[in-house]
Amino acid sequence: MESIQAIKQRFGIIGNTPSLNRGIEKAIRVAPTDISVLVTGESGVGKESIPKIIHSLSHRKHNKYIAVNCGAIPEGTIDSELFGHEKGAFTGATQTRSGYFEEADGGTVFLDEVGELPLTTQVRLLRILENGEFLKVGSSKVQKTNIRIVAATNLNMMEAIEKEKFREDLYYRLSTVEIHLPPLRERQEDIHLLFRKFASDFALKYKMPTIKLTDNAIHLLLKHRWAGNVRQLRNVAEQLSVLEQDRTVTAETLRSYLPASASTNLPAVVKTSKSESDFSSEREILYKVLFDMKSDLNDLKKLTMELMKSGNVKDVERDNEHLIQKIYGDTNDVEDDIGFEEEVAENPEVLSIPEHVNDTNSSDKYHFAEEIEEEETLSLQDKELELIKKSLERHNGKRKLAAAELGISERTLYRKIKQYDL
């Protein structure tokens, strides 16, 4: 068995990060078997190196190795590319054609960006992984192939499964062994080493002196987030090698080649999911507002009833402090309002309204007005019931969370559940 360092030299892999070494070690150990392997990691981390290592160290190394980018093949032709097709299977199929799985019989097929496969193709791929059988497009004859599949993806597969974009059974078939390659920002000690290697390669390629970085430029290089990982670092090294006349690159020069929006490796807060209290449509928001208004109206009725019974504003305010705070927000505002009402009561102004005179001789000025039939009003009770049901469903029947979302107490929610017989 070859050492990790020997494999790095053989395949041109630069870096000594423990997580990178662990990934290469797993590839070396799994290579002699026929186990399916799934390589995960962000775009640009070098996932294509792992399948080459596995194939070169396996007993299939003298047979074909075919790399297929699943995201680059149109959905309508991918079945034909992978499994082949019979003559006349579809428009333009003028002759029988072998697919990649048939051509690579006895070898290895690398499925890059496997998360982009259509669901129908995933079903057919699952059958190959289970028993090596497949059908050509337009054929009823079952064929067998002996291949090893190594797949790679930059997607979060569990999220893709939850969104029903990837089959769960296929994921577990492909990921018998999963090898994760770390992003470049987690390989701080490898960044400058990789840059020097790329700078040396481009100097040799373009026949010019090798560029070097100042200490400040090295610091900036290590601080950058490198969203494109090794591929982005290589591109920056190539641009500097070709465009810069001064072969000593300063931090200011290097900064001009880096995206301004991602110049640091600082954490950022990103909202990836909706809040539990978010509503899916404007109509639901309107119903929620009406529901809150109805709740406030009920609270106001309760306060009014207590005022009518006791007649003492201070006692009612003291006993219902929480309720007043909920409706008005600040009790000082309530006191101001009460004071204003008392002031108005001392000097009331009566608006005189002329009495209606039933004059049969006078002509009706508005005889042309049409009779408008009042539209059927919205049933708040039905909408209240609908909101309660949706809130309970969102929170799996947890009344406390549902009550908090609806803006009512848990006791009130319990009473309404009994009322609507939910």
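Note that the numbering runs from 1 along the sequence shown for the chain. Because only heavy atoms are used, hydrogens play no part in the values below, and waters and symmetry mates are left out as well, while side chains stay in.
The side chain to side chain contact (heavy atoms under 4.5 Å, CB included) test with R124 singles out one residue from I78, L82, L117, V137, and that residue is V137.
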Trace of the side chain to side chain contact (heavy atoms under 4.5 Å, CB included) decision for I24 with I13: CA-CA 10 Å; I24 296 173; I13 300 173; 4.1 Å; yes
When you look at W226 and R185, which way does the side chain to side chain contact (heavy atoms under 4.5 Å, CB included) test go after all the steps? CA-CA 6 Å; W226 299 112; R185 60 183 172 275; 5.5 Å; no
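In terms of heavy atoms, I4 sits closest to N21 at CD1-O, 3.7 Å. Minimum interatomic distance between G15 and K8 (heavy atoms only, all atoms of both residues): O-NZ, 2.5 Å.
Legend: residues meeting side-chain hydrogen bond (donor to acceptor under 3.5 Å, both in side chains) with K64, ordered by chain and number and at least two apart, are E103. Looking at residues two or more places apart in sequence or on another chain, you find a side-chain contact (heavy atoms from CB on, under 4.5 Å) between R173 and L126, L129, E130.
Contact check on K136 versus E102 returns a salt bridge, with a Lys/Arg side-chain nitrogen under 4.0 Å from an Asp/Glu carboxylate oxygen. Using a 4.0 Å cut-off between charged nitrogen and carboxylate oxygen, E393 and K389 do not count as a salt-bridge pair. Salt bridge K52/E48: absent, no basic N to carboxylate O contact under 4.0 Å.
Ring-plane geometry between H55 and Y65 is classed as tilted, the angle between the planes lying from 30 to 60 degrees on a 0 to 90 degree scale.
Between the side chains of R60 and N146, a donor-acceptor pair is found at a separation under 3.5 Å.
Environment of CG in N131: crowded, with over 12 heavy atoms of neighbouring residues, nucleotides or ligands closer than 6.0 Å.
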